[in-house]
Amino acid sequence: MEGPLQTFVHVCHENGQWMSQLPEKLWDIPLYNLALPGSHDTMTYCLDKRSAVSGNESKLVKFLNKCLPCIVHPIIMKWSITQVLTVTEQLEAGVRYLDFRIAHKANDPSMNLYFVHMVYTTVTVQDILWEILRWLETHPQEVVIIACRNFDGLTKRLHNHLVACIKEIFQCKLCPRNVSMRCFFFTF
């Protein structure tokens, strides 16, 4: 038996190529003048239940979580999760603006970057960027805007690493400013 979420995902799957179906009169409008559907805190569907509270949270939240973790941590998790669809499901549902809150875990010697909304995700930024690229390769006339912000715990070195990952993964798919949809219809 299908639940409401599965039904929603199935129905929204039909929105995966809506940009390629825009009327021609919209093709010359710059992307920044189009209203694009987006998701708030895109990656909160995969928050790590065992994660420490982000170092960027208030001292009070960290203190309460340390003193009463069995009460406070479930509240933080419930409060923090704003999405239930994976990033691919969101793209298939028509989302074209992804709200990424990037972070580096405190005391983590690796260069791994995660997403954060009070707690960290189970997936790395790099893994999700590759997932988006795979989706874009199967949807060549769609555009995805990735808004990266917060940058909790990122040093200059980690920030440069993030930029390098984005450039390495997306290469020629990175879009210059001030483009219209027309360039996506005739370049493939």
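Scanning all heavy atoms of the two residues, the minimum distance from Lys49 to Met77 falls at CG-CE, 3.8 Å. Closest of all the heavy-atom pairs between Trp79 and His117 is O-CE1, 4.3 Å. Considering every non-hydrogen atom in both Val125 and Leu162, the closest pair reads CG1-CD1, 3.9 Å. For the pair His40 and Gln83, the tightest heavy-atom approach, listed with the atom from each and the gap, is O-NE2, 2.9 Å.
Looking only at distances, no side-chain donor or acceptor of Glu142 sits under 3.5 Å from a matching main-chain atom of Leu136.
Remark: Asp152 CG to Tyr120 OH distance equals 6.5 Å, nearest 0.5 Å. A distance of 11.0 Å separates CD1 in Ile81 from CG in Asp41, rounded to the nearest 0.5 Å.
Between Asp99 and Arg149 there is a salt bridge, since at least one side-chain N of the basic residue sits less than 4.0 Å from a carboxylate O of the acidic one.
Counting heavy atoms from C-beta outward, Lys173 and Glu137 have side chains that approach closer than 4.5 Å. Two residues are said to be in side-chain contact when any heavy atoms from C-beta on lie closer than 4.5 Å; Ile132 and Leu98 meet this criterion. Taking 4.5 Å as the limit, every side-chain heavy atom of Val116 sits out of range of all side-chain heavy atoms of Asn56.
Among Val87, Leu91, Leu36, the one residue that satisfies the side chain to side chain contact (heavy atoms under 4.5 Å, CB included) test with Val144 is Leu91.
For the 3.5 Å distance criterion, the side chains of Gln90 and Ser39 qualify, holding a donor opposite an acceptor.
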